[in-house]
Amino acid sequence: MTTATTPIVYRLPQERRLVTELPGPRSRELQERRNAHVAAGISSTLGTYAVDGDGGVLVDVDGNSLIDLGSGIAVTSVGSANPAVSAAVADQASHLIHTCFMVAPYEGYVAVAEKLNAMTPGDHDKRTALFNSGAEAVENAVKIARLATGRSAVVCFDHAYHGRTNLTMALTAKNMPYKHDFGPFAPDVYRMPMSYPYRDAFGADGVAAARQVISTMSVQIGADSLAAVVIEPIQGEGGFIVPAPGFLPTLAAWCRENGVVFIADEVQAGFARTGTWFASDDEGVVPDLVTMAKGIAGGMPLSAVTGRAGLMDAVHTGGLGGTYGGNPVACAAALAAIEQMETHDLPARARHIEEITVGELSAVADQLAGQGKPVIGEIRGRGAMIAVEFVDATDPAAKIPDAALTKAIAAECASQGVIVLTCGTYGNVIRLLPPLVIGDDLLREGLGVLRDAILKLA
Ligand SMILES: *Cc1c(COP(=O)(O)O)cnc(C)c1O
């Protein structure tokens, strides 16, 4: 490890070790119980049931040790049982598990708010409100923006994912599986084209892509009816789409000039994941409101909205809240997780992971091109948020998404003990979200299994 300031100590052997077929007999038993009792609408990537985890590995009920390149969807950045987080959780849980901050407040909530106000982009006066899930944070950000502006329209983007509650389903782009037959959806939501350099007409010209969006918003909505623009600075579920340079700053500047609240949904891309503390930092974008969740608390459910004091404090007393929001145990976990990210300089570690990952994947792409099988359309992303978009090799210029190949590659990796996730509007993207504490050798081994799966199936 070249970048960590303090060495990471692991409790479990950092190895891929398969002692049964996958899923093994005990996992298959659990799957039967699950089928009889768990709602069918909830799906799992793996058929393997987890019992333990540490660093870059997950151990299943049959004793198999798998390489985790998914982090439970970008959550366990500091590991799935980081010792400092576990200790903070155990200590807090032995004193106070819950009071409800709206009933009897406690220091942990205040300390997390202080920390987020200091960490998020911009040095203006900020306030923070805590919630449980990413969707809840996004809903509250929209509530705050509407109240503070006295306007109701909200803009979101193609390929966006913001959650599964009614308002966030309306903001989310993809019908299947997130929205299908769950309507009617919340009104006054408008979807604009996202800068998608690999596929859109503007390519690397993010400023032109943003100007097109601005023109459409002005014509179809009118700035003085628009409360907020909600955008993921790097899209997650939609396919790890990184907007072209200039897209985010141009939109943010227009929002500022027009009194529109610019909301950066950093739920997936935030917290050291992309090599900076927040993905917005990359181009120096300062959002009015930032939503956070996933990587914030080492695996405990916690989310936050942090933003300009003037906007946040526009809300009347009692207008925001929830029974569990900013739960004491989740706050203790967040403080410990953030300290771990700082101690081990995990933003630097994310950049190091990018170097290794992009290097390995580029070699595979070259090899495939050399064999006349250019199924890798694009490798993109930043830090420890890297994706591969797969296309039909028979006519590469047409960039026809190959979801079947993508699914087969992910399944092959799973059968070999490497957890990779898929994503993308067209289901043709494999995304890599390893824990930021994964060791170089284990990461390389996981990427090697992915490489072999791609070469075998392409
Ligand atoms: C996952 C995600 C959400 C929703 O978070 P939940 O905790 O699942 O409600 C919202 N926005 C983005 C960008 C996400 O990746």
Side-chain angles (χ1 to χ4, degrees), residues 42-43 45 70-78 80 109 112-113 115-116 119-121 128-145 154 156-157 159-174 177-179 182 185-186 189 228-241 261-274 277-280 287-307 312 320-327 330-331 333-334 337-338 341 384-385 421 423 431 433:
I42 296 176
S43 71
T45 303
S71 300
I73 318 186
V75 170
T76 55
S77 300
V78 298
S80 48
Y109 192 117
V112 170
K115 192 78 204 168
L116 299 183
M119 291 176 79
T120 46
T128 288
L130 300 180
F131 304 98
N132 304 290
S133 69
E136 216 187 336
V138 174
E139 287 235 23
N140 277 280
V142 171
K143 280 166 68 173
I144 293 162
V154 178
C156 57
F157 289 84
H159 315 291
Y161 182 86
H162 297 291
R164 297 171 181 264
T165 58
N166 188 261
L167 175 59
T168 57
M169 273 194 295
L171 297 171
T172 290
K174 194 174 176 178
Y178 308 122
K179 303 169 73 166
F182 291 141
F185 302 110
V189 169
V229 167
V230 186
I231 190 163
E232 297 156 87
I234 296 180
Q235 291 185 317
E237 308 299 306
F240 283 20
I241 299 164
V261 179
F262 185 84
I263 302 173
D265 183 353
E266 294 260 9
V267 165
Q268 189 155 161
F271 282 99
R273 175 58 53 189
T274 62
W277 281 109
F278 294 92
S280 299
D288 298 308
L289 300 178
V290 180
T291 56
M292 295 157 270
K294 293 197 166 94
I296 192 174
M300 291 295 287
L302 184 73
S303 69
V305 181
T306 296
M312 297 293 294
L320 301 174
T323 307
Y324 293 109
N327 167 273
C331 285
I338 293 167
M341 293 181 209
M385 187 171 180
L421 307 176
C423 66
R431 55 171 155 175
L433 291 163

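Here, residue 1 is the first one in the sequence, and each next residue gets the next number. These numbers come from the heavy atoms of this one structure, side chains and all, not from hydrogens, waters or symmetry mates.
Annotation for Thr128 and Ala304: closest pair CG2-CB, 4.3 Å, computed over non-hydrogen atoms. Residues Ala333 and Ala297 share a closest heavy-atom pair of CB-O, 3.4 Å. Ala135 and Thr168 get closest at one heavy-atom pair: O-CG2, 3.5 Å. Closest heavy-atom contact between Cys423 and Gly239: SG-CA, 3.6 Å. Listed here is the closest heavy atom pair of Ala337 and Gly298: CB-N, 3.6 Å.
Residues Gln235 and Gln268 have side chains not in contact (no heavy-atom distance under 4.5 Å, counting atoms from C-beta outward). Under the 4.5 Å side-chain criterion, counting only non-hydrogen atoms from C-beta, Met312 is in contact with Val305. Side-chain contact between Trp277 and Met341 is present, with heavy atoms from C-beta onward closer than 4.5 Å. Annotation: side chain of Ser77 is not in contact with side chain of Phe271 (no heavy-atom distance under 4.5 Å). The shortest side-chain heavy-atom distance between Leu289 and Thr291 does not fall under the 4.5 Å cut-off. Leu421 has its side chain within reach of Thr45: a pair of non-hydrogen atoms, C-beta onward, lies under 4.5 Å apart. Counting heavy atoms from C-beta on, the side chains of Ser133 and Pro301 never come closer than 4.5 Å. Contact of the Val261 side chain with the Val229 side chain is not registered, since no non-hydrogen atoms from C-beta on lie closer than 4.5 Å.
Applying the side-chain contact (heavy atoms from CB on, under 4.5 Å) rule to Thr274 yields the partners Ile234, Ala269, Thr276, Ala279, Arg382, Met385; only residues at least two apart in sequence or on another chain are considered. Applying the salt bridge (Lys or Arg N to Asp or Glu O under 4.0 Å) test to Glu237 and every residue at least two apart in sequence or in another chain returns Arg431.
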Test side chain to side chain contact (heavy atoms under 4.5 Å, CB included) applied to Val189 and Cys156, step by step: CA-CA 7 Å; Val189 169; Cys156 57; 3.6 Å; yes

Val230 vs Phe157, side chain to side chain contact (heavy atoms under 4.5 Å, CB included): CA-CA, chis, key distance, verdict: CA-CA 8 Å; Val230 186; Phe157 289 84; over 6 Å; no

After noting the C-alpha distance and the side-chain angles of Phe131 and Tyr324, does the key distance pass the ring-ring contact (aromatic ring centres under 6.0 Å, His included) rule? CA-CA 7 Å; Phe131 304 98; Tyr324 293 109; over 10 Å; no

Set out, in order, the CA-CA distance, both residues' side-chain angles and the distance that settles side chain to side chain contact (heavy atoms under 4.5 Å, CB included) for Met292 and Val267, then state yes or no. CA-CA 4 Å; Met292 295 157 270; Val267 165; 5.7 Å; no

The test is side chain to side chain contact (heavy atoms under 4.5 Å, CB included); show your working for Asn140 and Leu320 and say whether it passes. CA-CA 8 Å; Asn140 277 280; Leu320 301 174; 3.6 Å; yes

Is there a side-chain hydrogen bond (donor to acceptor under 3.5 Å, both in side chains) between Glu136 and Thr165? Walk through the geometry before answering. CA-CA 8 Å; Glu136 216 187 336; Thr165 58; over 6 Å; no

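Proximity of a side-chain donor or acceptor of Ser71 to a complementary backbone N or O of Leu433 within less than 3.5 Å is detected. Under a 3.5 Å cut-off, the side chain of Arg273 and the backbone N or O of Ala384 do form a donor-acceptor pair. With hydrogens and angles disregarded, no donor-acceptor distance shorter than 3.5 Å links the side chain of Thr172 to the backbone of Tyr161. Remark: side-chain polar atoms of Thr120 are paired, donor with acceptor, to backbone N or O of Leu116 under 3.5 angstrom. Checked by atom type and distance alone, the side chain of Tyr109 pairs as donor or acceptor with a backbone atom of Leu130 at under 3.5 Å. Listed for the Asn132 side chain is no donor-acceptor partner under 3.5 Å among the backbone atoms of Leu302.
We find the NE2-CD1 distance between His159 and Ile241 to be 4.5 Å, quoted to the nearest 0.5 Å. Note that CD1 of Ile231 and CZ of Phe262 are 5.5 Å apart. Values are rounded to the nearest 0.5 Å. Atom OH of Tyr178 is separated from atom CE of Met169 by 13.0 Å, given to the nearest 0.5 angstrom. Between Leu171 atom CG and Ile263 atom CD1 the span is 8.5 Å, to the nearest 0.5 Å.
Partner of Leu167 under the side-chain contact (heavy atoms from CB on, under 4.5 Å) criterion, out of Lys143, Glu139, His162: Glu139 alone.
Figure legend: cation-pi geometry between Lys179 and Phe185, with NZ or CZ positioned under 6.0 Å from the six-membered ring centre and within 45° of its axis.
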